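Below you'll find the structure, written out as structure tokens, and then a few comments.
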Amino acid sequence: MKKDIRLIALDMDGTLLGTDHQVSKANKEAIIKAREKGVEVIISTGRHYQTSSIIAKELDIHYLITVNGSEIWTMTGDLIARQTIDARIIEKLVQLKEEHQTWAWLSSIDNIWRGEVPEDILAHEWLKFGFDTKDAATKEKIMNVIESWEEVELSNSSPTNIEVNAVGVNKAAAIEVVCERLGINMSQVMAMGDSLNDIKMIEQAGLGVAMGNAQETVKEKADWQTLSNDQDGVAKAIEEWIL
């Protein structure tokens, strides 16, 4: 059955982008055709504005949700909403990282630190902290500690990482803000993704689509499964449900 889809929300890595980190020709063409039918297409990513806005501009996207929903931007440069995470929580996360000797990255409102930590943590406004480890036992130990904290929201953007945002921050909540601006509701959204940071938008959208390469938990929550990100899965879903 076809649905009344008015907005498509696309994750970037593992979804819109292939493993070459590019948008395929087929995906670009499908997005253009969806727009021609009056469907809004937005990006909803775990990435920072710095690294996602290039792709958004390339596709002439009007709304960009970044850092798992911490920020919502228009592509004319207006910041619609921002939710930060307490710097004291970042300090605790840094301590966990050092205790378990994992790789980590930190996103503030104006910078990204990869594999290093700034000395003056309290001087920045923070959006996200990420751990990365291939050791499953270490990952579980870190998760067990953080899950008891009430001030944070946990997800991942790959099976080896843990992403920490402020409580209440997720892609679904951010998409709802965009929907309000457009005069539509979540039942008219098709959301596509591959990782745990996509689950809430996939669950709450009228049509939740998991990529063929998605984590199994994501596939279980989705209404429909498309092809992988290297097989133009975004284009396939748009052709199936919009065109």
Side-chain angles (χ1 to χ4, degrees), residues 1-18 20-47 49-69 71-81 171-194 197-198 200-202 204-214 222-243:
M1 258 182 74
K2 295 296 180 188
K3 291 177 175 277
D4 175 29
I5 302 298
R6 302 280 304 282
L7 184 147
I8 301 170
L10 301 173
D11 169 52
M12 278 183 65
D13 296 285
T15 302
L16 174 62
L17 306 182
D20 61 358
H21 304 294
Q22 302 297 314
V23 183
S24 71
K25 182 182 177 187
N27 284 351
K28 284 180 184 174
E29 289 176 349
I31 288 168
I32 289 167
K33 287 177 183 174
R35 277 218 199 87
E36 287 171 350
K37 289 186 71 101
V39 178
E40 185 82 40
V41 181
I42 69 172
I43 287 175
S44 184
T45 179
R47 287 196 192 197
Y49 181 85
Q50 288 178 359
T51 56
S52 57
S53 57
I54 300 161
I55 300 289
K57 287 171 183 171
E58 177 188 328
L59 296 174
D60 193 28
I61 296 292
H62 298 151
Y63 292 96
L64 174 60
I65 292 166
T66 61
V67 204
N68 293 337
E71 293 181 333
I72 309 168
W73 296 86
T74 69
M75 292 317 297
T76 52
D78 296 324
L79 178 66
I80 298 169
K171 294 182 179 184
I175 292 168
E176 284 188 8
V177 173
V178 176
C179 284
E180 285 175 18
R181 288 175 69 95
L182 296 174
I184 62 175
N185 58 57
M186 286 295 282
S187 69
Q188 296 171 298
V189 174
M190 176 166 75
M192 277 186 254
D194 69 304
N197 62 351
D198 301 312
K200 287 191 176 177
M201 71 172 183
I202 283 172
Q204 294 179 36
L207 178 63
V209 177
M211 302 301 293
N213 53 288
D223 301 305
W224 193 73
Q225 185 178 318
T226 187
L227 301 174
S228 78
N229 61 321
D230 283 329
Q231 297 172 301
D232 305 321
V234 165
K236 171 71 175 171
I238 290 174
E239 286 160 8
E240 179 73 23
W241 293 98
I242 309 295
L243 308 179

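In this text, all values refer to a predicted model and were calculated from it rather than measured experimentally. Keep in mind that the numbers below use all heavy atoms, side chains included, and drop hydrogens, waters and symmetry copies.
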[X] side chain near [Y] side chain, heavy-atom distance below 4.5 Å:
X	Y	value
Leu16	Leu59	yes
Cys179	Asn185	no
Tyr63	Leu7	no
Thr74	Arg181	yes

Where Met186 and Ala172 come nearest, the two heavy atoms and their spacing: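 Looking at all heavy atoms of both residues, the closest pair is CE-O, 4.1 Å.
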So which atom in Ile238 and which in Ala34 form the shortest heavy-atom distance, rounded to 0.1 Å? CG2-CB, 4.0 Å
Using atom types as modelled and distance alone, determine if a side-chain donor or acceptor of [X] lies under 3.5 Å from a backbone N or O of [Y].
X	Y	answer
Asp232	Asn27	no
Glu176	Ala173	no
Asn229	Leu17	yes

To the nearest 0.5 angstrom, please state how far the [atom1] atom of [X] sits from the [atom2] atom of [Y].
X	Y	atom1	atom2	value
Thr15	Asp194	OG1	CG	4.0 Å
Glu40	Arg35	CD	CZ	7.0 Å
Ser44	Ile61	OG	CD1	11.5 Å
Lys25	Glu29	NZ	CD	5.0 Å
Ile43	Ile55	CD1	CD1	7.0 Å
Leu10	Asp198	CG	CG	10.0 Å

Contacts of type salt bridge (Lys or Arg N to Asp or Glu O under 4.0 Å), residue Lys200, not counting sequence neighbours: Glu153
Evaluate the side-chain hydrogen bond (donor to acceptor under 3.5 Å, both in side chains) criterion for residues Ser228 and Asp230: first the C-alpha distance (whole Å), next the side-chain angles of each, then the deciding distance (0.1 Å), finally the verdict. CA-CA 5 Å; Ser228 78; Asp230 283 329; 5.4 Å; no
One thing to verify: whether Lys171 and Asp11 come together as a salt bridge, which I'm taking to mean a side-chain N less than 4.0 angstrom from a carboxylate O. yes
Any carboxylate oxygen within less than 4.0 angstrom of a Lys/Arg side-chain nitrogen, looking at Lys28 and Glu58?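 Yes.
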How are the rings of Trp224 and Trp241 set relative to one another: parallel (under 30°), tilted (30 to 60°) or perpendicular (over 60°)?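 Because their plane-to-plane angle is over 60°, the rings of Trp224 and Trp241 count as perpendicular.
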